[in-house]
Number of protein chains: 2
Amino acid sequence: MTKEQPPPRPSEQPKLRDVAKAAGVHAATASRALNPDTRGLVNAETARRVLKVAKALGYRPNPIARSLKTARTRTVGLVIPDLTNPLFPPIVRGIEEVLEAAGYSAWLTNTDDDPRREQTLIDSLRSRQVEGLIVATARLRHPLLESLHRQGVRMVLINRRTQEPDIPSVTADDAVGTALAVKHLAGLGHRRIAHLAGPRHTSTGVIRASAFRHAIRDHGLADDPELTVECAQWTEEEGARAMSGLLERGVECTAVVAGNDLIALGCYDAFSRHGLSCPDDVSVVGFNDMPFLDKLRPPLTTVALPHHDIGVEAARMLLECIEEPERHPRSVLLPVSLAVRGSTASLRGSTGAGATAGKARRPRR
Amino acid sequence: MTKEQPPPRPSEQPKLRDVAKAAGVHAATASRALNPDTRGLVNAETARRVLKVAKALGYRPNPIARSLKTARTRTVGLVIPDLTNPLFPPIVRGIEEVLEAAGYSAWLTNTDDDPRREQTLIDSLRSRQVEGLIVATARLRHPLLESLHRQGVRMVLINRRTQEPDIPSVTADDAVGTALAVKHLAGLGHRRIAHLAGPRHTSTGVIRASAFRHAIRDHGLADDPELTVECAQWTEEEGARAMSGLLERGVECTAVVAGNDLIALGCYDAFSRHGLSCPDDVSVVGFNDMPFLDKLRPPLTTVALPHHDIGVEAARMLLECIEEPERHPRSVLLPVSLAVRGSTASLRGSTGAGATAGKARRPRR
DNA sequence: TTGTATGCGTTATCAA
DNA sequence: TTGATAACGCATACAA
């Protein structure tokens, strides 16, 4: 009486019984022969025969049946905000590379950073019996994750560290990255460096902003609160808004450390609107090293994150949590590097962008 | 005796029997009550009670067990070359959007366009009992897909049309896109337009090249075989190589239709190497409208494909194939548009890039 | 070393 | 309208 009855394709696939019958043994024996872990229990000759028959018939064990029996799915859930954010594809590939080699597969879900979708999607993943979760969430506070963790759900966080230290995480070393950016600019002679910070409710936003203050002090540069502006979102629009605000308030600065590459792109927009030239008037450093940044004019200097490795490490760590649950959870910080390109240049006696905004040296057409 | 024995988390999840027991009915009744399709078979009052209990207990049906029984997984396989190609994320999101709404999920696999991986991964997907495949392969000849199709594997092709017309496919209208590009350039006064074609073993490569010839003739432009060059790959390097070759052979042209955006980026490189300026000396049109192309200098004029819609249509079509197998397979061509930006400009009496190569008007520093 | 029996959680068939 | 029962394909405790 079910409405839709799409003819469940006759699963012409041979099943264990077919292999067993063809090999002249019982299904249980075939099962043991086929499974590397139990192959030792079976006569070597018999095992060889079973294996040969299985290959000849093109037998592939049905993972559904196997999962039902073993209560293991060899499946994990990937929870990311948005696959079209170029940050994530390389991470996902790194993850899948490791999972595939280990015989695992992943369900991929996009939350759009919407807490309700997160809840729903994670529920759905759990009901699909995933053995673990890799979660990329920007938000700093995250009751859902904490609750899941307390329930014993195995998970690894990427791209965000949590306040409770006992959820394993894999992140790029944002602090070092920020320090690298500031050091680079300081080395070029910049003394008044601005920071367009990411949202303060995000882990990376907070960490980078804090690292920025530290680096500024370490280098003895201008430690002016006005030089740090928070962007409400990690977007080009917000970057442009923040940068324009800085310029319009007349805050002097000759260089900017942007919270991420999109914010840096927003700076480009603001400069062009205010008739400033990068890097002649202002230098900019981005964060993330998105693809094609080297094609911009000027090519963007940015902190390069090991995206692929983040995925690799996260997957390895999750597999470890799954297969050796007694091991201590740990958090890994991956090294970053600075991709120096055309958006940063040495200071040439300029009085700074703030002072020159509006009366630019090189007005655009 | 199995080696690894990761404590199969005690599945604290309530199961159907728990719900049934708590509702004071038999499991079969609970099952019928819970399933919208069979709910009519059960007393309305009983059904309500079961539903309430299920919600109270937080019951989630186990899709593994259900799949084993019903031989339906509500699962499809996505086979794409490489997720880090910015073409694919929006397509994937479009697909997942539709699948999610229909209660399906997708396994995502990256083939790196390696036939052996394709074979392996598709095998793996099939053994996971996917009900259909969405396949993005560039290659024109594809025995594997043809064989799968003959075996009755439900699938939809994207990004490539097959020679046998009976495999359903969803593609952007490459021919119209190419024509749009040529028309745009012709309208700007260009008469000698080159085409840096994609590899001839790819569907899009061939279709775009052929559409290019047609468009050239339709507009009565220079129909010179020298003006078409094949790139061995869809890469920036190949694009640069092809464009440089054209310039070094002294082939006159004032505009280029690139096979895709990466090839167009290669043109930028070649121009800069040869001291040419785009669009002053040569105009370029790309294909695909990758992200951030508008940030290039000059911003790239390109044929914009409805990536998200391609995914949406492909998923819809696959679901149709699965749920109404008797329906005729069809192929859909999605409309494209031209994103006009800064890399194309009207011809200004130039004698063309070929003639000026090497003695550029605006040498770079 | 192999076979027998059982059960994983669900749905479908049959009988009541 | 509901309950009993079997079965999906496999793995495993137990017996032989």
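Letters A, B, ... mirror the listed sequences (proteins, then strands); counts begin at 1. What's counted below: heavy atoms across the whole structure, side chains too, no hydrogens, waters or symmetry copies.
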Hey, is the main chain of [Y] close enough, under 3.5 Å, to the side chain of [X] for a donor-acceptor pair?
X	Y	value
B/R39	B/L34	yes
B/R17	B/A27	no
B/N159	B/A136	no

- Would you tell me whether A/S331 and A/S169 have side-chain atoms, one donor and one acceptor, within less than 3.5 Å of each other?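 Their side chains do contain a donor-acceptor pair, which is all the 3.5 Å distance test asks for.
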- Message: I'd like to know if the side chain of A/R128 pairs up with that of A/S124 as donor and acceptor (distance under 3.5 Å, no hydrogens or angles considered).
- Response: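 The criterion, which ignores hydrogens and geometry beyond distance, is satisfied for A/S124 and A/R128.
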- Item | Side-chain N or O of A/T70 closer than 4.0 Å to phosphate OP1/OP2 of D/dA11 |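 No, because none of the side-chain N or O atoms of A/T70 sits under 4.0 Å from OP1 or OP2 of D/dA11.
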- Message: Is B/S31 close enough to C/dT10 that one of its side-chain N or O atoms is under 4.0 Å from OP1 or OP2 there?
- Response: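 Negative; the distance criterion is not met.
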Measure all distances between protein nitrogen or oxygen atoms and nitrogen or oxygen atoms of nucleotides 4-7 of chain D, and list the pairs falling under 3.5 Å.
residue	atom	partner	partner atom	Å
D/dA7	N3	B/K69	NZ	3.2

- Is the closest basic N to carboxylate O distance between A/E131 and A/R154 below 4.0 Å? no
- Message: Testing A/V156, A/I134, A/V98 one by one against A/M317 for a side-chain contact (heavy atoms from CB on, under 4.5 Å), which residue passes?
- Response: A/V156
Can you measure [X] atom [atom1] to [N] atom [atom2] for me and round it to whole angstrom units?
X	N	atom1	atom2	result
A/R128	C/dT10	CZ	C1'	18 Å
B/L41	D/dG3	CG	P	13 Å
A/D18	D/dC10	CG	P	9 Å
B/K15	C/dG7	NZ	C1'	11 Å
A/L34	D/dT12	CG	P	13 Å
A/N43	C/dT2	CG	P	5 Å
A/L68	C/dT11	CG	P	12 Å
A/Q129	C/dG9	CD	C1'	10 Å

- Task: Return the nearest nucleotide to the side chain of B/T46; candidates are D/dT2, C/dG9, C/dT2.
- Result: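 When the side chain of B/T46 is considered, D/dT2 is the closest of D/dT2, C/dG9, C/dT2.
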- Message: Please check if the number of heavy atoms outside A/R48 that lie under 6.0 Å from its CZ is greater than 12.
- Response: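 Open: at most 12 neighbouring heavy atoms sit under 6.0 Å from CZ of A/R48.
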- Query: If you measure from OH on B/Y104 to CD1 on B/I322, what distance do you get to the nearest 0.5 Å?
  - Reply: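 These two atoms lie 5.0 Å from each other.
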- Using a heavy-atom cut-off of under 4.0 Å over every strand shown, decide if A/L16 touches base, sugar-phosphate, or nothing.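 The answer is sugar-phosphate, as A/L16 gets under 4.0 Å only of primed atoms, P, OP1 or OP2.
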- Message: Using a 4.0 Å cut-off on heavy atoms, which residues in residues 48-66 of chain B reach DNA chain C? List them by number, or say none.
- Response: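 Per residue number, the list reads B/Y59, B/P61, B/N62, B/A65, B/R66.
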